[in-house]
Amino acid sequence: VAQSVRLVAGRKLNMIAASPTLPDASEPESRVGAPGFLRFAGPGILLLALALRWFQLGDQNLWYDENLTVAVSQSKGAELFKALELESNKPPLYFLIMQAWVKDGASEFWIRLPSAICGTLTCLLALALGQELFGKGRGWLVGLLLAVSPFHVYYSQEARMYALLGLTGTAALLFACWFARSPTRRNAGLYLLAATLSCYTFTYGVFLLPFACLFSLCFRPRLSGKALAGFWATNVLVALLFVPWVPRLLSTVQSGSGL
């Protein structure tokens, strides 16, 4: 019996010695079986997004809504808020940016450039968000899919607020993930800023808030009850910060105009 035990133990030791060595769990993921080309994936996706969004950016004439953007943006100072009545009282953030950006005689390329920049940066944020949610490899795929999305390229070449909305909304969801991983005041503050900017970019940005609250429930096992309550309170604070614009939206609805 003792001889049989020694024989079986010897065979197991030989099998263990012949088996491949597993990577150390403490070794960074980027150094464990990661292809070398992944180091260039981020810059590659950025360049691809940049090329697609800047290609023929100024070839088409401005259409009706883009001309409205220019008309509102050329208002002087606080007159811009009066001019927003032409835009059904849409939130002012994008138009304030364009007011500082657009000058008399600006070309179509220059007028659309802020949207192209926002669209390009959104691809990087989507890449980071994908890595937070699905892991590093799938994160690259998320960034690549958005970079080549015809729908996203189209709205990144339009002098309207939609590309900025995509940028601020994606940033808010990314910061929500950061908060779920590390519920600090800094990450809560970043989410507060991005979500507030999203609301003041376009009216539908307010729908980010209930979605973010439901989204946070996915991290319930990781987040303590106190941290979850803090995140929900942050969303309430965003809603309160948007309250000053609500009367203008209500007047638009009462007049029968669309939001």
Side-chain angles (χ1 to χ4, degrees), residues 28-31 34-58 93-94 96-98 100-101 109-182 184 186-202 204-205 207-209 211-212 215-216 218-219 238:
E29 180 185 357
S30 60
R31 299 183 62 182
F37 71 86
L38 284 182
R39 289 177 294 178
F40 305 101
I45 291 173
L46 175 63
L47 290 175
L48 177 62
L50 189 70
L52 291 176
R53 283 151 185 77
W54 292 34
F55 179 67
Q56 295 182 341
L57 183 60
L93 178 61
Y94 174 74
L96 289 171
I97 294 173
M98 294 299 287
W101 183 268
F109 178 89
W110 186 255
I111 293 170
R112 292 171 177 148
L113 186 56
S115 293
I117 294 172
C118 289
T120 303
L121 294 177
T122 304
C123 293
L124 284 183
L125 292 182
L127 187 155
L129 179 60
Q131 290 181 341
E132 285 285 339
L133 294 175
F134 310 117
K136 193 166 188 177
R138 294 184 181 92
W140 299 120
L141 181 59
V142 171
L144 178 61
L145 289 176
L146 187 62
V148 300
S149 167
F151 182 82
H152 194 260
V153 170
Y154 176 83
Y155 282 103
S156 298
Q157 291 188 325
E158 188 177 58
R160 299 293 286 167
M161 69 292 297
Y162 309 117
L164 180 60
L165 177 66
L167 178 65
T168 55
T170 305
L173 291 179
L174 176 61
F175 297 147
C177 288
W178 286 7
F179 181 84
R181 176 163 47 84
S182 177
T184 62
R186 171 185 173 273
N187 290 334
L190 288 173
Y191 172 79
L192 173 69
L193 175 62
T196 304
L197 292 179
S198 183
C199 292
Y200 275 99
T201 296
F202 190 58
Y204 295 164
F207 293 111
L208 173 70
L209 305 182
F211 174 78
F215 181 67
S216 66
C218 299
F219 300 97
V238 174

Would you say [X] and [Y] make side-chain contact, with heavy atoms under 4.5 Å?
X: Val148; Y: Leu48; answer: yes
X: Phe109; Y: Leu113; answer: yes
X: Leu133; Y: Arg138; answer: no

Backbone N/O of Glu158 and side chain of Ser115: donor-acceptor pair under 3.5 Å: yes
Distance check, rounded to the nearest 0.5 Å: [X] atom [atom1] versus [Y] atom [atom2]?
X: Leu146; Y: Thr120; atom1: CG; atom2: OG1; answer: 10.0 Å
X: Ile45; Y: Leu50; atom1: CD1; atom2: CG; answer: 13.5 Å
X: Ser198; Y: Leu193; atom1: OG; atom2: CG; answer: 11.0 Å
X: Leu145; Y: Trp140; atom1: CG; atom2: CH2; answer: 14.0 Å
X: Trp101; Y: Ile111; atom1: CH2; atom2: CD1; answer: 11.5 Å
X: Ile117; Y: Thr122; atom1: CD1; atom2: OG1; answer: 11.5 Å

Qualifying residues under ring pair (Phe, Tyr, Trp, His ring centres under 6.0 Å), relative to Tyr162, sequence neighbours excluded: Tyr155, Phe202
More than 12 heavy atoms of other groups within 6.0 Å of Phe55 CZ: no
Under 3.5 Å, which donor-acceptor pairs do the side chains of residues 164-181 form with other protein atoms, sequence neighbours left out?
residue: Thr168; atom: OG1; partner: Leu164; partner atom: O; Å: 3.1
residue: Thr168; atom: OG1; partner: Leu165; partner atom: O; Å: 3.2
residue: Thr170; atom: OG1; partner: Gly166; partner atom: O; Å: 2.7
residue: Trp178; atom: NE1; partner: Glu132; partner atom: OE2; Å: 3.4
residue: Arg181; atom: NE; partner: Glu132; partner atom: OE1; Å: 3.4
residue: Arg181; atom: NH2; partner: Glu132; partner atom: OE2; Å: 2.8

What is the minimum heavy-atom distance between [X] and [Y], and which atoms define it?
X: Ser156; Y: Gly119; value: OG-CA, 3.4 Å
X: Arg112; Y: Gly58; value: NH1-CA, 4.0 Å
X: Cys199; Y: Val238; value: SG-CG1, 4.0 Å
X: Ala195; Y: Leu209; value: CB-CD2, 4.2 Å

Results of salt bridge (charged side-chain N to carboxylate O under 4.0 Å, His left out) for Arg53 - residues two or more places apart only: none
